[in-house]
Amino acid sequence: MTPKQVVELYSEALGTGDIPKAFSFFSADSKWHQPGNHKFSGTNNHPGETGEMLTGMMTETKGTFVIKPTGALMANGSLVAMPVHFTGENNGRTIDMTGIDLFEVINEKITQVWLFSDDQIKEDEFWGK
């Protein structure tokens with residue numbers, strides 16, 4: 001599989017709510033770099049930590065947090081960029097924003113993910129400390 005195909009399959013599984021399948025595309029020592037200055041910011045050092053963070057986000061937003069791809073995946077060697085749109089509600093605050101998720105795929109496994117938001121300050125305010 002190409003890196004682009006791996007990210008496509010991850011995205012499809014995530015979109016259907018099949019979290020175990022989505023995380024099956026990650027290497028055991030993958031790193032997820034969550035940007036910003038909020039309670040979920042930082043680097044997660046394996047899929048378990050990333051899963052805990054995403055579960056926390058879903059709990060915080062009472063299941064309203066949704067991330068959807070908005071365009072074609074773009075590949076450059078082992079890197080794959082995915083434009084996204086995400087929305088959610090959190091204690092009276094809302095978020096409706098675009099961004100880019102950048103994946104590194106090596107040996108058919110996602111090894112690193114970096115996220116970029118179009119307004120990091122707003123995202124920080126949405127998640128809080």
Side-chain angles (χ1 to χ4, degrees):
M1 269 188 297
T2 67
K4 187 175 175 181
Q5 290 169 321
V6 170
V7 174
E8 285 172 342
L9 291 171
Y10 156 79
S11 180
E12 288 171 12
L14 197 60
T16 63
D18 191 343
I19 303 305
K21 184 175 181 181
F23 278 100
S24 74
F25 296 103
F26 282 77
S27 68
D29 60 350
S30 63
K31 296 194 182 304
W32 181 288
H33 306 276
Q34 188 70 31
N37 186 22
H38 56 77
K39 67 175 71 176
F40 297 111
S41 295
T43 299
N44 297 298
N45 293 303
H46 55 76
E49 284 184 4
T50 302
E52 288 173 18
M53 178 199 66
L54 293 173
T55 298
M57 290 175 158
M58 292 306 290
T59 300
E60 186 91 8
T61 62
K62 297 177 179 53
T64 65
F65 189 57
V66 177
I67 305 167
K68 292 183 180 180
T70 60
L73 298 178
M74 298 164 272
N76 181 349
S78 64
L79 301 176
V80 179
M82 179 170 63
V84 296
H85 178 248
F86 52 101
T87 58
E89 296 178 20
N90 181 8
N91 295 318
R93 297 182 301 267
T94 61
I95 195 163
D96 186 347
M97 192 174 295
T98 60
I100 298 287
D101 292 356
L102 179 64
F103 299 82
E104 178 184 53
V105 180
I106 298 180
N107 295 326
E108 300 184 349
K109 291 290 185 181
I110 297 169
T111 58
Q112 295 200 70
V113 182
W114 297 268
L115 292 95
F116 302 84
S117 299
D118 69 22
D119 189 336
Q120 189 60 58
I121 293 171
K122 262 190 185 172
E123 185 177 356
D124 290 345
E125 290 169 356
F126 175 77
W127 293 115
K129 292 280 183 174

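Remark: N45 pairs with K31, T43, E49 by the side chain to side chain contact (heavy atoms under 4.5 Å, CB included) rule, at least two apart or across chains.
M1 has its side chain within reach of L9: a pair of non-hydrogen atoms, C-beta onward, lies under 4.5 Å apart. Two residues are said to be in side-chain contact when any heavy atoms from C-beta on lie closer than 4.5 Å; N91 and E60 meet this criterion. Annotation: side chain of Q120 is in contact with side chain of H38 (closest heavy-atom distance under 4.5 Å). You'll find the side chain of T61 reaches within 4.5 Å of the side chain of F126, heavy atoms only. With contacts defined as side-chain heavy-atom distances shorter than 4.5 Å, the pair K62/E89 does not qualify.
More than 12 heavy atoms of other residues, nucleotides or ligands sit less than 6.0 Å from atom CG of D96.
F40 has its ring centre no less than 6.0 Å from the ring centre of W32.
Atom CH2 of W114 is separated from atom CG of D101 by 12.0 Å, given to the nearest 0.5 angstrom.
No side-chain donor from either of E104 and S78 sits under 3.5 Å from a side-chain acceptor of the other.
Considering every non-hydrogen atom in both S117 and F86, the closest pair reads OG-CZ, 3.6 Å.
Under a 3.5 Å cut-off, the side chain of D124 and the backbone N or O of G36 do not form any donor-acceptor pair.
No continuous path of ILVMFWY side-chain contacts below 4.5 Å connects L73 to L79, so the two sit in separate hydrophobic clusters.
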